[in-house]
Amino acid sequence: MKALRIVVAVILMLSAQACTEKNKHSQAVPNNQTQKTKEMEEISPKNFTTFKVSDQLKMYKVTFKNQYKMDVVGHLFIPDRLDRNTKNPAIIVGHPMGAVKEQSADVYASNMAERGFITLAIDLSFWGESEGQPRNAVLPDMYAEDFSAAVDFLGTREFVNRERIGIIGVCGSGSFVISAAKIDPRMKAIATVSMYDMGSASRNALNHSQTLAQRKLNQQQAAEQRYTEFTGGETKYTSGTVHTLDDSTDLIQREFYDFYRTPRGEYTPKGGSSKTTTHPTMSSNVKFNNFYPFNDIETISPRPMLFITGDKAHSIEFSKEAYKLAGQPKELVVVPGAGHVDLYDKTDLIPFEKLNTFFEKYL
């Protein structure tokens, strides 16, 4: 009997040791995330019409996880002349609210890559090729998280200097990158272009033209729509860009229409519908009412901030307000003759040399 007890004890000991070794082995083997983030699929820019890419650049589709294990998809641009055996500065670019990386973000990413930077244009969660259901959902905290996840990705590449990562936010992404940078000091230099404070725009509309009563009505309609969707009803979409023009269409909508509804900037992601591009879901859009990106913006200092806007931009109020509240160093650049959407893609107006100087100085 004693011998039997000894045998059983030895078996149990060996079994426990085997489990320990198995756990060690499972921790040592790269998981799917590690494997996936090492993959870069080279693609041809010839398939895209909303941006042009120099033949001196390599373009890759990359996929990585954010902290909530959702796939974020981006376009990575690397100059041919860049030495991948050294650590290099990199810039992340975010697209306008309701857009995708192929619209505007890739314009900035490819042009800054031509100037020698590694650049990464991403699709925010729920938009484009990035993961998230329902499609076109509004979740500003998740949008900010996606930029931090992009830093995770770039900062673990052998050819990127993780101490020299900057960020550009266009339109709505201007407010998202500010939100991200406030809590992520790895973003060493922050630039915004044609920025929209999506929180203020939702609560107050442009020039504070929306009343509290109108805001509450929007919130009531969104809340009622939740019942519809919870019980399996049809998803409704709101705001975004109109699909047709008529005599009553205002100038701002005409400006967006000229980009999003014409060959100039029109793009429907694979699996999406042209009927819903640019339109967030009604039930989620009111989440912007709780979004205050400029609160504590001064705490980003001493990291530098650059705000670019057009002197004819209907959104100029947001860049001016952010500049006023930000700490030093900071700079406001007002582009003569430029409207809000002009700075999405008109490379003759976009001050790329200013962006180049800014990031060369601070990265």
Side-chain angles (χ1 to χ4, degrees), residues 43-53 59 61 63 70-75 93-110 121-139 142-143 146 170-173 176 194 196 198 201-202 221-222 225 228-229 232-285 287-288 314 339-346:
I43 59 177
S44 171
K46 294 179 180 179
N47 298 325
F48 305 98
T49 59
T50 56
F51 62 96
K52 306 298 180 186
V53 177
M59 180 180 176
K61 177 182 175 181
T63 305
M70 297 166 62
D71 282 344
V72 178
V73 178
H75 285 160
V93 186
H95 57 72
M97 177 59 203
V100 291
K101 61 186 177 302
E102 289 82 3
Q103 296 163 313
S104 188
D106 275 336
V107 173
Y108 279 81
S110 59
I122 64 170
D123 278 330
L124 298 179
S125 293
F126 310 103
W127 298 89
E129 293 183 278
S130 289
E131 199 171 4
Q133 293 292 336
R135 304 310 295 164
N136 299 19
V138 167
L139 193 55
M142 188 66 77
Y143 298 162
D146 292 337
V170 183
C171 187
S173 276
F176 307 146
S194 287
Y196 251 75
M198 294 306 303
S202 179
Q221 291 173 337
Q225 175 62 20
T228 299
E229 293 173 8
E234 182 181 358
T235 300
K236 285 189 177 180
Y237 301 87
T238 187
S239 59
T241 302
V242 299
H243 293 263
T244 58
L245 301 177
D246 57 38
D247 292 342
S248 65
T249 307
D250 63 57
L251 292 177
I252 293 175
Q253 274 290 0
R254 290 177 181 274
E255 184 181 4
F256 284 119
Y257 181 96
D258 188 55
F259 181 78
Y260 288 112
R261 306 301 181 207
T262 71
R264 172 185 166 193
E266 186 173 18
Y267 186 86
T268 301
K270 184 178 180 180
S273 168
S274 60
K275 295 180 180 179
T276 59
T277 58
T278 79
H279 300 293
T281 62
M282 175 189 285
S283 59
S284 71
N285 197 48
K287 294 186 186 299
F288 278 136
H314 63 261
H340 175 86
V341 178
D342 288 335
L343 298 182
Y344 282 13
D345 66 330
K346 293 187 177 179

Contacts of S273 that satisfy side chain to side chain contact (heavy atoms under 4.5 Å, CB included) - sequence neighbours left out: K275, T276
Residues forming a side chain to side chain contact (heavy atoms under 4.5 Å, CB included) with S173, sequence neighbours excluded: L124, F147, F176
Could you give the distance from [atom1] ([X]) to [atom2] ([Y]), rounded to the nearest 0.5 Å?
{"X": "E129", "Y": "I122", "atom1": "CD", "atom2": "CD1", "answer": "12.5 Å"}
{"X": "M142", "Y": "E131", "atom1": "CE", "atom2": "CD", "answer": "10.0 Å"}
{"X": "C171", "Y": "F256", "atom1": "SG", "atom2": "CZ", "answer": "5.5 Å"}
{"X": "Q103", "Y": "T50", "atom1": "CD", "atom2": "OG1", "answer": "6.5 Å"}

Closer than 3.5 angstrom, by distance alone: can the side chain of [X] be matched with the main-chain N or O of [Y] as a donor-acceptor pair?
{"X": "T278", "Y": "T241", "answer": "yes"}
{"X": "S130", "Y": "D123", "answer": "yes"}
{"X": "R135", "Y": "G128", "answer": "yes"}

CG (D246) with more than 12 external heavy atoms under 6.0 Å: yes
Counterpart residues, ring-ring contact (aromatic ring centres under 6.0 Å, His included), relative to Y196 (two or more places apart): H314, F318, H340
Counterpart residues, ring-ring contact (aromatic ring centres under 6.0 Å, His included), relative to Y257 (two or more places apart): none
Results of salt bridge (Lys or Arg N to Asp or Glu O under 4.0 Å) for K52 - residues two or more places apart only: none
D106: salt bridge (Lys or Arg N to Asp or Glu O under 4.0 Å) partners, not counting sequence neighbours: none
How far apart are the closest heavy atoms of [X] and [Y], and which atoms are they?
{"X": "F288", "Y": "S202", "value": "CB-CB, 3.5 Å"}
{"X": "M59", "Y": "F48", "value": "CE-CE1, 3.7 Å"}
{"X": "P96", "Y": "S104", "value": "CD-CB, 3.9 Å"}
{"X": "A121", "Y": "K101", "value": "O-CD, 3.9 Å"}

Side-chain donor-acceptor pair present, T63, D71, cut-off under 3.5 Å: no
Residue pairs fulfilling salt bridge (Lys or Arg N to Asp or Glu O under 4.0 Å) with at least one residue in residues 250-273, sequence neighbours excluded: D258-R264, R264-D345
Summary of salt bridge (Lys or Arg N to Asp or Glu O under 4.0 Å) pairs that have at least one residue in residues 233-242, sequence neighbours excluded: none
[X]: what forms a side chain to side chain donor-acceptor pair (under 3.5 Å) with it, not counting sequence neighbours?
{"X": "Y143", "answer": "W127"}
{"X": "T281", "answer": "S284"}
{"X": "Q225", "answer": "E229"}
{"X": "N136", "answer": "none"}

Stepwise side chain to side chain contact (heavy atoms under 4.5 Å, CB included) test for S239 and N285: CA-CA 9 Å; S239 59; N285 197 48; 4.1 Å; yes
Ring center gap for H95 and Y267 short of 6.0 angstrom: no
Contact check, side chains of V53 and S44, non-hydrogen atoms, under 4.5 Å: no
Parallel, tilted or perpendicular: rings of Y344 and Y260 (30°, 60°): perpendicular
